[in-house]
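Structure first, commentary second.
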4 protein chains.
Amino acid sequence: MPKSSPPPPPRKPRADARRNRERILEVAKEVFTRSGADSSLDEIAKLAGIGPGTLYRHFPSRESLLEGVYCGEVEKLAAAERRFSDTLTPVEALRAWMLLFVDYIGAKQIIAPALNTMVGGSKVFECARDQVQGAIHRLVARAIESGDIRADLDPFDLLRALIGVANVASAPNWRDSARRLVHILIAGSRPGA
Amino acid sequence: MPKSSPPPPPRKPRADARRNRERILEVAKEVFTRSGADSSLDEIAKLAGIGPGTLYRHFPSRESLLEGVYCGEVEKLAAAERRFSDTLTPVEALRAWMLLFVDYIGAKQIIAPALNTMVGGSKVFECARDQVQGAIHRLVARAIESGDIRADLDPFDLLRALIGVANVASAPNWRDSARRLVHILIAGSRPGA
Amino acid sequence: MPKSSPPPPPRKPRADARRNRERILEVAKEVFTRSGADSSLDEIAKLAGIGPGTLYRHFPSRESLLEGVYCGEVEKLAAAERRFSDTLTPVEALRAWMLLFVDYIGAKQIIAPALNTMVGGSKVFECARDQVQGAIHRLVARAIESGDIRADLDPFDLLRALIGVANVASAPNWRDSARRLVHILIAGSRPGA
Amino acid sequence: MPKSSPPPPPRKPRADARRNRERILEVAKEVFTRSGADSSLDEIAKLAGIGPGTLYRHFPSRESLLEGVYCGEVEKLAAAERRFSDTLTPVEALRAWMLLFVDYIGAKQIIAPALNTMVGGSKVFECARDQVQGAIHRLVARAIESGDIRADLDPFDLLRALIGVANVASAPNWRDSARRLVHILIAGSRPGA
DNA sequence: CATGAATGAGCCTTCATTCAT
DNA sequence: GATGAATGAAGGCTCATTCAT
């Protein structure tokens with residue numbers, strides 16, 4: 001088949017760049033999960049099949065890479081918030097989301113620095129922080145409106161407690177402990193309590 | 001009993017060794033608090049005015065130094081447990097101890113690895129872990145006996161939540177949040193909740 | 001086939017890398033000879049005008065550097081074997097090669113670990129070992145065929161003796177001693193002896 | 001109980017010192033054999049149950065310790081020389097001593113630096129060097145007188161070859177190789193050869 | 001004399017970062 | 001844009017040596 005029109009300038013490098021970015025994030029999540037937030041960036045680059053310079057171009061700092069990795073991860077938590085809010089009573093939506101948070105964070109072994117900044121004012125992890133903070137904020141607000149939760153409850157208090165569990169997710173029976181904690185927290189947040 | 005004999009000449013090298021050890025712990029706590037558990041051991045040695053070999057002689061590994069630093073710190077928590085148990089009702093003793101924990105940990109900025117092992121089975125920080133675990137265990141047991149706390153409450157659940165707060169003690173208003181969390185946790189742990 | 005296209009521009013960094021490698025080997029041979037196989041790698045890097053990381057990139061272990069240094073050296077011995085085999089009677093070829101070995105090793109001050117592995121089964125210095133072992137093996141085989149050397153002579157026996165001399169090449173009159181030894185070894189290896 | 005007579009100055013330290021010296025030599029030989037001539041002196045001191053300062057007093061340098069260790073070892077070689085000279089023909093005494101040397105050195109794994117200085121002019125290992133050099137010197141002299149060995153044979157040549165074998169005593173079949181080498185060397189040293 | 005705590009130079013190695021190609 | 005060689009500061013750690021007791 002003859003091509004009559006001049007070929008468009010190849011967009012390939014752009015595609016390569018995007019593909020590289022994805023691959024970096026993929027590998028970085030794996031390595032961070034396995035070896036902690038202090039993992040060697042060179043190792044990540046090597047596993048991603050790129051040179052250190054390329055990694056550097058995409059993520060000029062370790063923190064920007066951490067942010068890149070975990071920002072996408074928490075999107076699912078944000079989505080779940082909307083879903084639960086649509087289908088459950090306010091307090092049960094809150095409970096379901098907290099249980100999901102525990103499961104999700106624990107399973108993904110999201111690392112401590114990323115977690116801690118979720119309740120901090122740090123500029124890094126801005127995206128992850130905003131999503132998580134927004135979700136619990138809305139869930140709590142709704143539960144307060146419905147009268148199931150004390151009006152003076154600060155959503156961050158719950159978040160901090162959740163993060164505490166996540167930080168020790170490696171302990172043997174952390175998951176059951178975490179689930180019990182969610183119920184305790186909600187029970188302790190009811191108006192009468 | 002009066003001592004007639006002249007006091008033995010003070011053994012200086014032994015004194016030096018002890019002084020060095022104290023100085024190391026002092027400096028190490030400060031540096032760990034400022035720069036985290038990955039701080040340079042050489043820097044600690046330099047600040048303590050000793051060579052790296054001397055640091056190494058006293059604490060052959062980073063973990064042994066961490067343990068040395070924080071083991072003594074938690075002794076005061078253990079002591080407080082006994083005091084509170086003697087003077088307060090069970091549930092108030094528990095509450096008081098949890099509040100103290102929050103204050104103490106937050107003020108001292110005890111670092112995450114030391115905290116996390118408090119609920120883990122790790123061999124390091126054995127001393128700190130045992131003291132803290134023992135304290136909350138006894139406090140909860142008493143409160144359960146008195147009927148103020150649900151019989152199926154696992155003390156570790158509370159500990160995990162407390163640690164979560166401690167891990168983010170750098171956030172601006174963490175202290176108030178932490179105190180509120182203590183009340184929530186206790187309220188959620190009452191039999192009726 | 002003529003190439004009409006212009007030659008590709010020379011890739012400079014590759015040239016730098018090669019130059020560095022050569023310079024490292026050069027310096028390393030000198031330092032190893034002067035200060036033994038335990039010389040400081042940092043010193044070698046410094047003398048080569050590179051950082052320690054660069055040395056590490058080229059030779060990730062001390063042994064790989066030793067191998068790099070001495071592998072090239074013994075190539076000349078292998079070449080001499082071929083030359084002597086073509087121009088001399090078998091036994092004189094063997095004698096000539098042994099004398100050259102003595103001269104060469106002694107002059108180059110090839111260090112003990114490199115020498116010793118020539119008769120060992122070690123994986124390091126594989127290249128040097130194979131070349132030297134192959135050479136003496138072939139020379140002895142030819143001399144046996146010609147009837148000038150006892151059929152049951154193990155070439156390694158000669159090699160070990162040669163190495164013994166090389167190991168003490170720093171002694172004042174080692175060279176004459178070594179040459180006499182070669183004649184003794186050959187005389188002792190004749191069929192009648 | 002009052003002491004009327006002045007207590008005699010305790011001679012104990014002198015005995016302790018001698019005992020320490022023996023213990024050091026014992027341990028040092030073991031460690032040098034196991035871990036080479038670069039073994040940690042501190043380790044030797046620790047295994048000997050003494051402080052590093054005490055080791056330092058007895059042997060102010062690594063070389064003096066090596067000398068102390070191996071000087072005693074070669075005494076048995078010197079004794080064997082006298083025995084063989086009394087009971088064997090000159091050439092067989094020489095052969096027997098060379099075979100013993102090979103066995104002894106190999107079994108004891110006397111380390112390279114100690115060996116090499118046996119034929120060097122070094123001041124260290126003076127004692128070991130003198131004993132070994134004296135022994136082979138006398139054995140060769142007798143064999144020359146008896147007409148079994150060429151008059152122009154330099155005993156050091158034989159020694160160098162023997163040392164070569166010893167230096168590779170770790171190779172799998174070094175012992176047989178070494179024994180064959182002894183026979184070759186003697187055969188090559190006969191007048192007719 | 002023995003002790004062993006202290007010293008501190010120096011070793012090997014890692015790694016974020018730069019930059020020539 | 002991608003590459004990966006080079007860099008060099010810094011880290012942990014070892015160890016011969018000194019010296020107060």
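Quick note on labels: first sequence line is chain A, next is B, and so on, each numbered from 1.
- Looking at every heavy atom in both residues, D:F59 comes nearest to D:G68 through CE2-CA, 4.3 Å.
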Output a table of donor-acceptor pairs, distance under 3.5 Å, between side-chain atoms of residues 26-35 of chain B and any protein atom two or more places apart or on a different chain; print 'none' if there are none.
| residue | atom | partner | partner atom | Å |
| --- | --- | --- | --- | --- |
| B:K29 | NZ | B:E73 | OE2 | 3.0 |
| B:T33 | OG1 | B:K29 | O | 2.7 |

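- Counting heavy atoms from C-beta on, the side chains of D:L65 and D:I24 come closer than 4.5 Å.
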List the atom pairs, with distances to 0.1 Å, where a side-chain N or O of residues 41-52 of chain B and a protein N or O form a donor-acceptor pair under 3.5 Å, not counting sequence neighbours.
none

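- Every residue was checked against the side-chain contact (heavy atoms from CB on, under 4.5 Å) condition with C:Y56, not counting sequence neighbours, and none meets it.
- The distance between atom CZ of C:R19 and atom P of F:dA6, rounded to the nearest whole Å, is 11 Å.
- Remark: A:R57 engages no residue in a side-chain contact (heavy atoms from CB on, under 4.5 Å) (not counting sequence neighbours).
- Smallest separation of non-hydrogen atoms from D:S64 and D:S61: OG-O, 2.8 Å.
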Which atom pairs link the protein and nucleotides 10-13 of chain F when you take only N or O atoms and keep those under 3.5 Å?
| residue | atom | partner | partner atom | Å |
| --- | --- | --- | --- | --- |
| F:dG11 | OP1 | B:S40 | OG | 3.3 |
| F:dG12 | OP1 | B:L41 | N | 3.2 |
| F:dG12 | OP1 | B:R62 | NH2 | 2.5 |
| F:dG12 | OP2 | B:S40 | OG | 3.4 |
| F:dG12 | OP2 | B:L41 | N | 3.0 |
| F:dG12 | OP2 | B:D42 | N | 3.3 |

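- Distance CZ (B:R21) to C1' (E:dG4): 16 Å, rounded to an integer number of Å.
- For the segment residues 22-30 of chain A, the set of residues with a heavy atom within less than 4.0 Å of an atom of DNA chain F is empty.
- By the side-chain contact (heavy atoms from CB on, under 4.5 Å) test, C:R19 pairs with no residue at all, sequence neighbours left out.
- Considering only residues two or more places apart in sequence or on other chains, B:D38 meets the side-chain contact (heavy atoms from CB on, under 4.5 Å) condition with A:D38.
- Counting heavy atoms from C-beta on, the side chains of B:L55 and B:N20 never come closer than 4.5 Å.
- Phosphate proximity of F:dG1 to A:N20: absent, as no side-chain N or O sits under 4.0 Å from OP1 or OP2.
- In DNA chain E, the stems built from three or more successive Watson-Crick or G-U pairs (distances below 3.5 Å) are E:2-21 with F:2-21.
- Judged by distance alone, with hydrogens and angles left aside, the side-chain atoms of B:R62 form a donor-acceptor pair with the main-chain N or O of B:A37 at under 3.5 Å.
- Counting to the nearest Å, the C1' atom of E:dC15 and the CD1 atom of A:I44 are 12 Å from each other.
- With rounding to whole Å, A:K46 atom NZ is found 13 Å from F:dT3 atom C1'.
- Residue A:H58 places none of its side-chain N or O atoms closer than 4.0 Å to OP1 or OP2 of F:dG1.
- To the nearest angstrom, P of F:dT17 lies 15 Å from CZ of D:F59.
- Mapped onto DNA chain E by nearest heavy atom, D:T54 and B:L55 fall at different nucleotides, with D:T54 at the one closer to the 5' end.
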